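Remember, it's 1-based here, ligands and their atoms both numbered in the order they're listed. On a predicted model such as this, the values are computed, not experimentally measured, just so you know. FYI, side chains are in, hydrogens and waters are out, and symmetry mates aren't considered; it's all heavy atoms of this structure.
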Amino acid sequence: MRHKQSDYMHWSKTQSRARFNLATSGVAPFPFRELPVDLEKLEINGDNSYGYAPLQGAIAAHHGVDPESVMESAGTSMANHLAMAAILEPGDEALIERPAYGPILDVAQYLQANVKRFPRTEENGWAVDPEAIRHCVTPRTRLIVVTNLHNPTSVLTPDSVLREIGDIARSVGALVLVDEVYLDAVYEETPRTSFHIGPEFVVTSSLTKVYGVSGLRCGWILARPDLAWKMRRLNDLYSATPVYPGELLSVVAFKHLNLLRERACRIVEADRKLLRDFLKQQSVLSAVRTDCGTTSFVQLRDRNVDFFLERLRAKFDTSAVPGSFFGMPDHFRIGMGVNTEMFAEGLRRIGRALEECETTKL
Ligand SMILES: Cc1ncc(COP(=O)(O)O)c(C=O)c1O
């Protein structure tokens, strides 16, 4: 049977909610009333057969690329799907980082790729090690996939390393897919998209995670124009046209991106400080320190993490993402950037749950 589902996505939609929800990865929703929208100009139908030109232009300008290289998609989820589906044939090798965001693996498996994994290790600060990729790559490799920032750890991969990955890919005629949905959560000296590094780079991103407008589903792919066209033609099989009002609102969001970003940045930074102070006090918890991003991947020693998180949710109304969804069952992921009061109380409750585990030896 072909793989046709995402266990992580299902868990996230049905099991992750709690009053103190630290199972998030995106920032707080940006309220519609604070977006300077001229409702008179909103329309339901418009000229958007292969995307709405002003939105394509806004995405292109945001990244400093040619609009021909921009392909609109429904979020980064659909962007990843289209990019992989356009590149991979059944049996092709796809090299995917470990730990990885589950749905990326699920899509590759659904497409019947031969999925191979290369490790990012905690001892190495979760960095991408080009040697590990070189070790896995073969003449059958068609695609190398990384997230930057990395989900779940938020570690940033520098251009020098991405360039090395590009060289490895080129040596076997493969492409590199970089999911940059969290990259703009580097609030200072935000790196340019890796699309500029070379023609073997394909990039996916969206306004969903870092800008708080997930409901607009404004996502995109950056690819060589010929590949971008392949993806547009493939997308014809999935959806005739994008949602026009969503495109109009996305153009407005792009016009006010700084407004969206600054608000989120304040919350993310306040939460990061709280998390650092909290981790310092906890002897059984540790995490690689990062200065950017909306998630932290925390190791819990000498405890059953799944059991701990179940109790945390049931008794303390607090949730976090089990590391088992990333293939690391002794970790869990904490999300920042939604609401600092809620975050602080969530951490306090994790602390209380840990104390309770200690006294009851659970
Ligand atoms: C690495 C990564 N890519 C893609 C997505 C999906 O993004 P979107 O909401 O834009 O579809 C997520 C969501 O958590 C993610 O973490």
Trace of the side chain to side chain contact (heavy atoms under 4.5 Å, CB included) decision for V146 with D179 | CA-CA 6 Å; V146 293; D179 176 329; over 6 Å; no
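Here's the thing with S214: none of its N/O atoms is less than 3.5 angstrom from an N/O atom of ligand 1. Between T147 and ligand 1, not a single N/O pair is under 3.5 Å apart.
Judged by distance alone, the side chain of R17 and the main-chain N or O of T14 form no donor-acceptor pair under 3.5 Å.
Those atoms of ligand 1 that come under 4.0 Å of a heavy atom in G75, given as number and element, are 10 (O), 11 (O). Ligand 1 places these atoms under 4.0 Å from at least one heavy atom of Y101: 1 (C), 2 (C), 3 (N), 4 (C), 5 (C), 6 (C), 12 (C), 13 (C), 14 (O), 15 (C), 16 (O). Within ligand 1, counting atoms from 1 as listed, the ones closer than 4.0 Å to a heavy atom of S206 are 10 (O).
Of all the heavy atoms of S25, the ones lying under 4.0 Å from any atom of ligand 1 belong exclusively to the side chain. The proximity of K209 to ligand 1, defined as any non-hydrogen pair under 4.0 Å, is limited to the side chain. Heavy atoms of T76 found under 4.0 angstrom from ligand 1 belong to the backbone as well as the side chain.
The shortest distance between side-chain heavy atoms of V338 and I267 does not fall below 4.5 Å.
Classification of the H81-Y110 ring pair by plane angle, with boundaries at 30° and 60°, yields tilted.
In summary, E34 and R263 engage in a salt bridge, as defined by a charged side-chain N under 4.0 Å from a carboxylate O. Ion pairing of D291 with R276 is present here, as a side-chain N (NZ or NE/NH1/NH2) and a carboxylate O approach within less than 4.0 Å.
A continuous path of ILVMFWY side-chain contacts below 4.5 Å connects L111 to L227, so both sit in one hydrophobic cluster. The hydrophobic clustering, which links ILVMFWY residues whose side-chain heavy atoms are closer than 4.5 Å, places F20 and L279 together.
Atom 3 (N) of ligand 1 has as its closest protein heavy atom D179 OD2, 2.5 Å. Ranking the protein heavy atoms by distance from atom 11 (O) of ligand 1 puts S77 OG, 2.5 Å first.
The shortest heavy-atom distance from R217 to ligand 1 is under 4.0 Å.
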